[in-house]
2 protein chains.
Amino acid sequence: MAAEDRRQQILEVAVQLFSQKGFRGTTTKEIAMAAGVNEAIIFRHFATKSELYTAIMDRKACSDEVQAMQSALKEAMDAGDDRQVFERLAFHMLEFHEHDDTAMRLLLYSALEGHELAEMIFRNHISKTHRQLAEYVKRRVADGAFRRIDPVVAVRGFIGMIINQVMYKKFFERCGGQPLNLTNRQAAERFADLFLASMTNHSYDHQRIRRKH
Amino acid sequence: MAAEDRRQQILEVAVQLFSQKGFRGTTTKEIAMAAGVNEAIIFRHFATKSELYTAIMDRKACSDEVQAMQSALKEAMDAGDDRQVFERLAFHMLEFHEHDDTAMRLLLYSALEGHELAEMIFRNHISKTHRQLAEYVKRRVADGAFRRIDPVVAVRGFIGMIINQVMYKKFFERCGGQPLNLTNRQAAERFADLFLASMTNHSYDHQRIRRKH
DNA sequence: TGCAAGTAAGTATGCGCTTACTTACCACAC
DNA sequence: GTGTGGTAAGTAAGCGCATACTTACTTGCA
């Protein structure tokens, strides 16, 4: 097999294993066996185990699903369609993490283990969406469409609802947590509803909000 | 040192180490050294490393801070004071995880590693609060104080906002994420505001919500 | 003096990584 | 076509060290 093909194949199985068992919990021998080669081959393509781990980032960079979300989001933002912006974001996040549970696990594992991969994933994928969304909220506040709420608070709140739902489904629904019997489409609708209701509720506790700013 | 004292001391240092480096990443020798005893002592008090890990649960059960939150929450619920219920919950969660970062790390590590400790933490601490809160929301919907929203969606959304803020501060603010320069008290206020506004907004997209139920 | 608390020094296994070696491929003179 | 030499893909075996856990022994207090 050609060098580049082998390299990609090793990365592919490494993503699976690292995401399931973490950096420390995955052995180079295991990766080699899953790739069907001798362990020494791993070290011909990657100087160290850690280099192999960080090389995962490049593969994750250009996922189709992520790009689809980015463009769907941009389209809705340009149109100024609040409902579409938040519903699409929620839907894509729910779908993405349902189909691919490697990303979330890799992020959590490397954040806990203090590996630089966590920072790379955060910088390259998450922080950009956060900033874009905060910009959008800020603009809509300026438009008078949203209440005067700190955009960072709003974004963190909304993303939090969705991510929590993802993690709940992934890790805790089997532990006796209350199940949410909704499709991702329905869940996205509900959370977007919840969020937009709070952003546009000019009657609730109005003085208090005003006074803060 | 008496057996029980030694046992407790070992557990204490084990909590710190396991939460920092996970089950796989922590060695029994390391725990022994941190406790200032020979490695063999560990195995006199706990049959296996795994038994030591799950024994952590007992220590975590009766934390003062958790009990304070439970009673503060109950008091506010009995009084039917919506703002207090959600603001206090948010504040206590933020404070708890700021002062003690072992709980969150242990939960995440063991959820990822598939250890039963995750299920124990979830069952004993998290799921109870979720259910209580969902009950409260359900009651307030029946009162006509809240919109007719699925209580599980509402609770998961609110807890999600708070937990996301905790994790963001813990892991990602150093990675170039936008900082939220608020005290825990202020953040709790903002998130509770956000949530309550959405629960009481009878004017926004009313038909749509109605139609769903 | 008896017994629990504590230790030094193991064992078998598995880890990341290296070394010494063998095979497969492929352009090119003849 | 056919030998030939250089290069890269691949392997078996093993190095030094760390792991979870054990055993045989020593201390100190009721």
Side-chain angles (χ1 to χ4, degrees), chain A residues 1-59 105-106 109-110 112-118, chain B residues 1-59 105-106 109-110 112-118:
Chain A
M1 187 184 279
E4 186 54 30
D5 293 348
R6 179 63 79 193
R7 196 185 140 92
Q8 290 305 315
Q9 188 221 0
I10 290 169
L11 275 174
E12 205 165 309
V13 307
V15 167
Q16 294 299 322
L17 289 170
F18 280 132
S19 74
Q20 288 309 307
K21 313 170 75 171
F23 180 73
R24 285 201 186 97
T26 305
T27 69
T28 49
K29 182 171 235 157
E30 211 174 358
I31 296 170
M33 282 182 61
V37 296
N38 187 277
E39 195 183 354
I41 291 294
I42 304 286
F43 293 97
R44 175 138 339 170
H45 292 281
F46 304 93
T48 63
K49 183 187 175 188
S50 195
E51 189 186 303
L52 167 58
Y53 193 52
T54 45
I56 284 175
M57 194 61 232
D58 304 332
R59 277 190 68 78
R105 294 183 63 97
L106 276 173
Y109 254 127
S110 52
L112 286 168
E113 288 175 331
H115 201 284
E116 58 171 340
L117 183 63
Chain B
M1 189 184 278
E4 186 54 30
D5 293 348
R6 179 65 78 193
R7 196 186 141 92
Q8 290 306 315
Q9 187 222 0
I10 291 169
L11 275 174
E12 204 166 310
V13 307
V15 167
Q16 294 300 322
L17 289 170
F18 280 132
S19 74
Q20 287 309 308
K21 313 171 75 172
F23 180 73
R24 278 196 257 260
T26 305
T27 69
T28 49
K29 182 172 233 156
E30 213 173 358
I31 296 170
M33 282 183 62
V37 296
N38 188 277
E39 194 182 354
I41 290 295
I42 304 287
F43 294 96
R44 175 111 73 208
H45 291 281
F46 305 93
T48 64
K49 182 185 173 187
S50 195
E51 189 186 303
L52 167 59
Y53 194 52
T54 45
I56 285 175
M57 194 61 232
D58 304 331
R59 276 189 69 77
R105 295 184 63 97
L106 276 173
Y109 254 127
S110 51
L112 286 168
E113 288 175 332
H115 202 284
E116 58 171 340
L117 183 62

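Protein atom CZ of A:Phe18 is 12 Å distant from nucleotide atom C1' of C:dG16, rounded to whole Å. If you take CZ of A:Phe46 and P of C:dT18, they are 15 Å apart, rounded to a whole angstrom. Taking atom CD1 of residue B:Ile41 and atom C1' of nucleotide C:dA8, one finds them 12 Å apart after rounding to whole Å. Between the C1' atom of D:dA8 and the CD atom of A:Glu4 lies a distance of 15 Å, rounded to the nearest Å. Atoms CZ (A:Arg6) and P (D:dA8) sit 17 Å apart, rounded to a whole Å. If you measure from atom CZ of A:Phe43 to atom P of D:dA12, you get 16 Å, rounded to the nearest angstrom. Atom pair B:Arg7:CZ and C:dA5:P shows a separation of 13 Å (rounding to whole Å applied). Distance B:Lys21 NZ to D:dT19 P: 8 Å, rounded to the nearest Å.
Remark: of the listed residues A:Glu4, A:Arg6, A:Glu12, A:Glu4 is the sole one forming a side-chain hydrogen bond (donor to acceptor under 3.5 Å, both in side chains) with A:Gln8.
In this structure, the side chains of B:Glu116 and B:Ser50 stay at 4.5 Å or more apart for every pair of heavy atoms.
Residues of residues 23-40 of chain A that place a heavy atom closer than 4.0 Å to DNA chain D, in numerical order, are A:Val37, A:Asn38, A:Ala40.
Taking 3.5 Å as the limit, the base of D:dA9 and the side chain of A:Arg44 contain a donor-acceptor pair of atoms between them.
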Residue pair B:Phe18, B:Tyr109: steps toward the ring pair (Phe, Tyr, Trp, His ring centres under 6.0 Å) verdict: CA-CA 9 Å; B:Phe18 280 132; B:Tyr109 254 127; 9.6 Å; no
Without placing hydrogens or testing angles, list every side-chain donor-acceptor pair under 3.5 Å for residues 22-29 of chain B, not counting sequence neighbours.
{"unit_1": "B:Thr26", "atom_1": "OG1", "unit_2": "B:Leu17", "atom_2": "O", "d": "3.2"}
{"unit_1": "B:Thr26", "atom_1": "OG1", "unit_2": "B:Gly22", "atom_2": "O", "d": "2.7"}
{"unit_1": "B:Thr27", "atom_1": "OG1", "unit_2": "B:Glu30", "atom_2": "N", "d": "3.1"}
{"unit_1": "B:Thr27", "atom_1": "OG1", "unit_2": "B:Glu30", "atom_2": "OE1", "d": "3.4"}
{"unit_1": "B:Thr28", "atom_1": "OG1", "unit_2": "B:Glu39", "atom_2": "OE2", "d": "2.7"}

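Summarising the geometry of B:Ala14 relative to B:Leu52, their closest heavy-atom pair is CB-CD1, 4.1 Å, with the distance given to 0.1 Å.
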